[in-house]
Amino acid sequence: EELLFRGWLQGTLVRELEPFGMGGIAFAIFLASLMFGIVHPLSRGYVVVATILGIILGITAYWSQNIFMAIIGHTVYD
């Protein structure tokens, strides 16, 4: 999941929205995280929890420039 959502999707969105500054980067992380949440439809509440987790993992991957940090975080959560 991290390779798909943080690696490919978030990476693509960040590259496309980076010209808009930090707001674009934040929006890219949010969109990728929302998609991550939507594909975890155990309940409406869990979609929100998964989206928040996605935001945390997305920020971690972006700031560290290391997807393995997000992979480790996801593994610890699971």
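Heavy-atom basis, side chains included; hydrogens, waters and symmetry copies ignored. Residue numbers count from 1 along this sequence.
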Inset, instruction - Would you indicate whether the side-chain heavy atoms of I25 and M22 approach each other to under 4.5 Å? - result: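 The answer is yes; the side chains approach within 4.5 Å.
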Inset, instruction - Please check if atom CD in E16 has more than 12 non-hydrogen atoms from other residues, nucleotides or ligands closer than 6.0 Å. - result: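 Counting other residues, nucleotides and ligands, CD of E16 stays at 12 neighbours or fewer.
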Using distance only, find each side-chain donor-acceptor pair of residues 47-61 under 3.5 Å and give its atom names and separation, not counting sequence neighbours.
from : atom 1 : to  : atom 2 : distance (Å)
T51  : OG1    : V47 : O      : 2.8
T60  : OG1    : I56 : O      : 2.8

Legend entry - Nearest-0.5 Å distance, CG of residue L17 to CD of residue Q10: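 Interatomic distance, L17 CG to Q10 CD, rounded to 0.5 Å: 11.0 Å.
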Any chain of hydrophobic side-chain contacts (each under 4.5 Å) joining [X] to [Y]?
X	Y	answer
L13	W8	yes
I72	I29	no
L42	Y77	yes
L31	L9	yes

Legend entry - Closest non-hydrogen atom pair, E2 against I67: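 Looking at all heavy atoms of both residues, the closest pair is O-CD1, 3.3 Å.
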Inset, instruction - Please name the pair of heavy atoms, one in A28 and one in V14, separated by the smallest distance, quoted to 0.1 Å. - result: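 Shortest heavy-atom contact: CB-N, 3.6 Å.
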Inset, instruction - For residues 24-60, pull every pair meeting ring pair (Phe, Tyr, Trp, His ring centres under 6.0 Å), keeping only residues two or more places apart or in separate chains. - result: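 Of all non-adjacent pairs touching residues 24-60, those that pass ring pair (Phe, Tyr, Trp, His ring centres under 6.0 Å) are F5-F36, F36-H40, F36-H74.
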